[in-house]
Protein chains: 4
Amino acid sequence: MREETGFTPVGDFGTGELAPQVGVGILGYAFMGKAHSNAYRKIPYIMDPPPAVPRLIAMCGRKEDAVARAARRYGYQGYYTDWHKLLENDDIQLVDNCTPPFMHHDPCVAAAQAGKHVLCEKPLARTAQEAKAMWEAAQKSGVKHMTGFNYRFVPAVRQIREMVEAGALGKMYHWRAVYLQEGGLPRLCRPMKWSFRKGLAGGGAVNDLGAHIIDLAHYLVGDIKTVAASTKTFVEERALPGAQGGTDKVDVDDAFVASVEFECGALGTLEATRCGLGRRNYNCFEINGEKASVRFNLERFNEFEVYSVEHGPRETTGWTNVLVTESYHPWISNWWPRGHVIGWEHTFVHEIAHLLDCIVNDRDVGPYGATFEDGYRASVVCDAVMLSAMTKSQVDIKY
Amino acid sequence: MREETGFTPVGDFGTGELAPQVGVGILGYAFMGKAHSNAYRKIPYIMDPPPAVPRLIAMCGRKEDAVARAARRYGYQGYYTDWHKLLENDDIQLVDNCTPPFMHHDPCVAAAQAGKHVLCEKPLARTAQEAKAMWEAAQKSGVKHMTGFNYRFVPAVRQIREMVEAGALGKMYHWRAVYLQEGGLPRLCRPMKWSFRKGLAGGGAVNDLGAHIIDLAHYLVGDIKTVAASTKTFVEERALPGAQGGTDKVDVDDAFVASVEFECGALGTLEATRCGLGRRNYNCFEINGEKASVRFNLERFNEFEVYSVEHGPRETTGWTNVLVTESYHPWISNWWPRGHVIGWEHTFVHEIAHLLDCIVNDRDVGPYGATFEDGYRASVVCDAVMLSAMTKSQVDIKY
Amino acid sequence: MREETGFTPVGDFGTGELAPQVGVGILGYAFMGKAHSNAYRKIPYIMDPPPAVPRLIAMCGRKEDAVARAARRYGYQGYYTDWHKLLENDDIQLVDNCTPPFMHHDPCVAAAQAGKHVLCEKPLARTAQEAKAMWEAAQKSGVKHMTGFNYRFVPAVRQIREMVEAGALGKMYHWRAVYLQEGGLPRLCRPMKWSFRKGLAGGGAVNDLGAHIIDLAHYLVGDIKTVAASTKTFVEERALPGAQGGTDKVDVDDAFVASVEFECGALGTLEATRCGLGRRNYNCFEINGEKASVRFNLERFNEFEVYSVEHGPRETTGWTNVLVTESYHPWISNWWPRGHVIGWEHTFVHEIAHLLDCIVNDRDVGPYGATFEDGYRASVVCDAVMLSAMTKSQVDIKY
Amino acid sequence: MREETGFTPVGDFGTGELAPQVGVGILGYAFMGKAHSNAYRKIPYIMDPPPAVPRLIAMCGRKEDAVARAARRYGYQGYYTDWHKLLENDDIQLVDNCTPPFMHHDPCVAAAQAGKHVLCEKPLARTAQEAKAMWEAAQKSGVKHMTGFNYRFVPAVRQIREMVEAGALGKMYHWRAVYLQEGGLPRLCRPMKWSFRKGLAGGGAVNDLGAHIIDLAHYLVGDIKTVAASTKTFVEERALPGAQGGTDKVDVDDAFVASVEFECGALGTLEATRCGLGRRNYNCFEINGEKASVRFNLERFNEFEVYSVEHGPRETTGWTNVLVTESYHPWISNWWPRGHVIGWEHTFVHEIAHLLDCIVNDRDVGPYGATFEDGYRASVVCDAVMLSAMTKSQVDIKY
């Protein structure tokens, strides 16, 4: 045929010749389900070669119409409406839990017990106790386990981690991190949902946004020793969704502020809010060390700033804005030439590629990926923030 | 089966049920081939619903090993090593030309004559004359034709275009645009390649980078009336690649500067360089109008700045940094919640989705997409820049 | 004579014809002495008309050579080496105390008792108790009293205050302020001096830098209700100055972090450090309100940022960088045309002109100037920060 | 007396003991007159020791009431209404011409012929021819002569000049400079004044703003070889001031754009406008060299940005924002501790102190100060810009 038409057919890259396959079952199909599915779809052709080729076996969700539609849209072979059934599917080696916190513990524990690797969105659980049980179950079963702290997989953040490891910052004196959003502001009138309910979410800004910056503090500075915090619920009642009307009481925080001390001697601040007018997704941290300081802001995803006493003559010392798009920056060689910026979604490509690599090559998820232990440790600090706010006392962290 | 396992299979979203299919044949598999292929792969699930579902029929390239590997990687059904053959494939409705300029004219004209829609990377051709022939061929055949001026599909740029159309800027007085890169600097010792040869590229920074900002000038301000320019080749010889050694003469510019007047009365500057140390991909423009001014910088892809006399009280008038990630900003509703930034690659998703929409719904590619006419018009100005530099005189633009 | 030479002599502007005169005696001639003296010298010709014309009567300092030299340099009529004597000079109506904290209480109380108006540098005293005595003495004597919180007199800060008063921010949810310097870093090896001694300074970063941002919190947000803090001394010993060698123990903090709650319901963070590598004089705060947010950074003295839900259409909503150099911005009409920026020293011109106006026109120093009461209130919070750090508990503020 | 009162009088620093005195006569008392007078008043106490102590002998202006008032306000001994008479005053050694361009030639030439040193505001003259005559007169008389290109005396600019001299930038490839203001916009309805009249000003934005950036180009890059430009008068008629009404024709440009080639081989752009909405005083330039690039923006007076291939490891290469407030930065040791920013007015302190030093110590005004030759050279380029715009041809620069 080729002689006539000139056309040579090629096989499907998904067959496992280029790279081993890993069957994926995913719980949830909303924001995180979309973000993870996008990553599974991109890994095979963006990474060359990919560590593994994900086979999108099934989505799972409770609303059949919606999950069927999403499964088709994102290219899964099919769907489930009961996660217990999904766990029985032998084609699935990796269970990816993209549901809200109240749906994290049971499926993750059962998946691990069923011998499946588990990726769970953050926060790992509603409480440290729940998170610990998940970590223990995963450890016991010997599967790979990962908490979805995707900001470890921002190239700039990984670059900073490498600088910390290499001693470029020297002794660290200060950590300050905020994660500011504005979706909870009264003027937006967001109705009641799971994220405003303690029983479903475990906490408010503390668990949702705070967990991210607490994990980054662990990742970049180390163990936290004490925390002293205040929390606040600015909007105490929210309208119930739907036609029936009425309101219900919010029993989680809209915001928290915390002063912390690290084991290494550094001081820190942590703050998160859903009422930070003008801040879309402002996850911003700064470290001041003896030899260098760094600053990162998620809204300027492709950049970070560094001040180093070792760079250049004193007349031109200052904060250097680094565009993290060079081939020698973390993960960038998978993407585009310098100056062609990448986006937020690509953190999941890096994160999941890392997990797939750990699965097929039996590598450790940590320290660059967040394990369930890291998820647990973040929950310990989240709980301490809430305890400190309640007791009006500084709380010692016991991981 | 479902009763037992709980699994319900779903069909492939590529079958054309959700949206019509468009068969794609692509020439080239390097930088642009990757960027376009990524777009074809993302459109079906990122857009909901997509305007059309691309069927990736074939890639074409001269090096068989490489094109075979790329076709498989990006999920094409097969490949060709001869573009004439590709044009004979009836499954292909859209020919996407991602080759260097010297390979633009012949395949594009032939594709149009074969009744296939054509997308051609920028610059459309080596000269305005060549570009005009392509435009005429495409027009005559009645196919959809698009020049790959993808920066029209940056959400910020489209937002600015909408502001211009709505009269938000008022009469325009100034346009200033630079496109600065640094790949041509002596210290990088880049070897000779097609982009340093006039016979293959048509021009240097003028055609490669300049064409982009000339198109943006046309898109946002309008027709150019006169241009006065200087060009410069900073590195006059480059090493030949490969083992044999030797150097060859560069016969294109490394940089140009130009002063322009627009038909609307505005003054402008245009500048592009391959020797702008520190500037990775700095495509930056500013417009000063009577009522508002705007500024955009490609390295801060998700932002633009606006100054308006109509926004707020005078005490707080200033340049507003707009994070273009709201659902009501162009294309953003396809992506993520506010503050979750997108990347450079996504311009191609928007661009190609627009073209697919034009194809399946018989809509006009312009004025939001760049047609071959727009590609030709940019070439006219590129040629005028080079003519002005040579003649040391201001050149009147005749489109 | 004029007929011949064309020259017409004019009188001295210092004679009190243009404006009343106020005799000034100043204690201290170092950093603050220079800054205040500069202000006294500029007021008569920069302000048109000035509220009053300062007569520079005398400087006072303990080192005779140095004070004599400084008095001459800055244009004082003479000097004292004993502040008690200075207070006996009837030409002096305003005593300006530019000495370190341990020298604040006695001269200020005595000056007030002598019926002289008093300007005292910040922090007002080493402790709230000491500050309270100063405030009471000043109140009792009926003189004008001002604490040198000069950052209230940054045009941007005053503009923000006016926005707060006008309700432009709406209900306030968040305050976050840092004051970061780097002079205490180990690598700089700064020797022991009064600012590292609790007995002389009252505190470290808490009193020196913290007092400024606590005053700004009071000025812009209101009363603080609770504070939970940690402090740290990173450099525990410092070399004694001079040839004899040896080191001494630092007994003040190098840094503190604090979480606060305001009476108005807002949450806040406060942080100051002498070990913030890369931060020269980074006094930066942000307020998030229901209707607008603002941000100011002292290193960008002539600017502030504002985000308002009420400015412009939603497509162009964002953070507006305001260049505070318009004639309608606070104090700017005294200076230069728009865009011609002013500097840090000019805060003292505004501050002292305000005090002179209060003196000659019997106006209130507050709420725009900081009184001794404001100085005391800042000290209450400074003390609470240190108490909270010591007791590891949240402290309720009792002004 | 001292024993009793403790008071020791000190002499006036203006007596010439600390430093030689230089008698000053100034023409003009408006914007520039205020800025220069402020500098004369600050030099004696800000600089320690000052190079000289200015004696403010006389102001000169045509409106007697106004000049009398200004002379008194700024502390001159008296005033003249006829500059010829001022030149007869033997106490005056330095004539400072702060008048509009049409008043530059005659008084400056006469002053030089009278053996007085001359400082003249920019542009030096209305035309290069006029400027050349001034330069020749000054040269012939042997006096010190300076053109008021005060931006050479911005610490950041001087720092950049020192970097250029030290070879830190390497070969220079690009210069791009804009000077954007907005005072000429139609919506502001500024009435007719001298600056809109060719006979009085010599040119519009070209002479007023353009001269500044042309001088900076000379100062930092070197001789210009060719220029190709367009000019534009956006507002062709302006209302006559005063009650009588009516309009008059503007015969100068509101804006120009120019492409230039330097003798050193660099390409450049120059642009200035009075219609750059949102740009208050945006004098901004960038140089791209082989080893380093720099960028400065007058609205961020205390900063500049530098990118150097020699600073730090490649992972953290980027644009460094330098806060130019260190004691080792140019002139800063006269001012305040690091991070305490200075303002626009202080350029005149540096400039005039330099001139005084040249006068009393017989030093050369150039190359750090701009001489009349530099003023002439800037005028040559201004004239060439206008000629190129008129002839629609590139113009070769003949200094």
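To find a chain, count down the sequence lines: A is the first, B the second, and so on, and within it residues start at 1.
Relative ring orientation between A:Phe31 and B:His340 is described as perpendicular, the plane-to-plane angle rising above 60° on a 0-90° scale split at 30° and 60°.
Atoms CG and NZ, from B:Asn38 and A:Lys42 in turn, are 3.5 Å apart once rounded to the nearest 0.5 Å. Taking CZ of A:Arg280 as the start and CD of B:Glu326 as the end, the distance is 4.5 Å to the nearest 0.5 Å. To the nearest 0.5 Å, the span separating CD on B:Glu345 from CD on A:Glu345 amounts to 5.5 Å. Here NZ of A:Lys85 is found 11.5 Å from OG1 of B:Thr8. Values are rounded to the nearest 0.5 Å.
Residues A:Asp48 and B:Arg69 share a closest heavy-atom pair of OD1-NH2, 2.7 Å. Residues B:Tyr80 and A:Gly6 share a closest heavy-atom pair of CD2-O, 3.2 Å. Nearest heavy atoms, B:Ile57 versus A:Phe7: O-CE1, 3.6 Å.
Side chain of B:Lys34 to backbone of A:Trp335: a donor-acceptor contact under 3.5 angstrom is found. In terms of modelled atom types and a separation under 3.5 Å, the side chain of B:Arg73 and the main chain of A:Ile46 share a donor-acceptor contact.
Of the atoms belonging to A:Asn283, not a single heavy atom falls under 4.5 Å from chain B.
Annotation for B:Arg338: atom CZ counts as buried by contact number, over 12 foreign heavy atoms lying within 6.0 Å.
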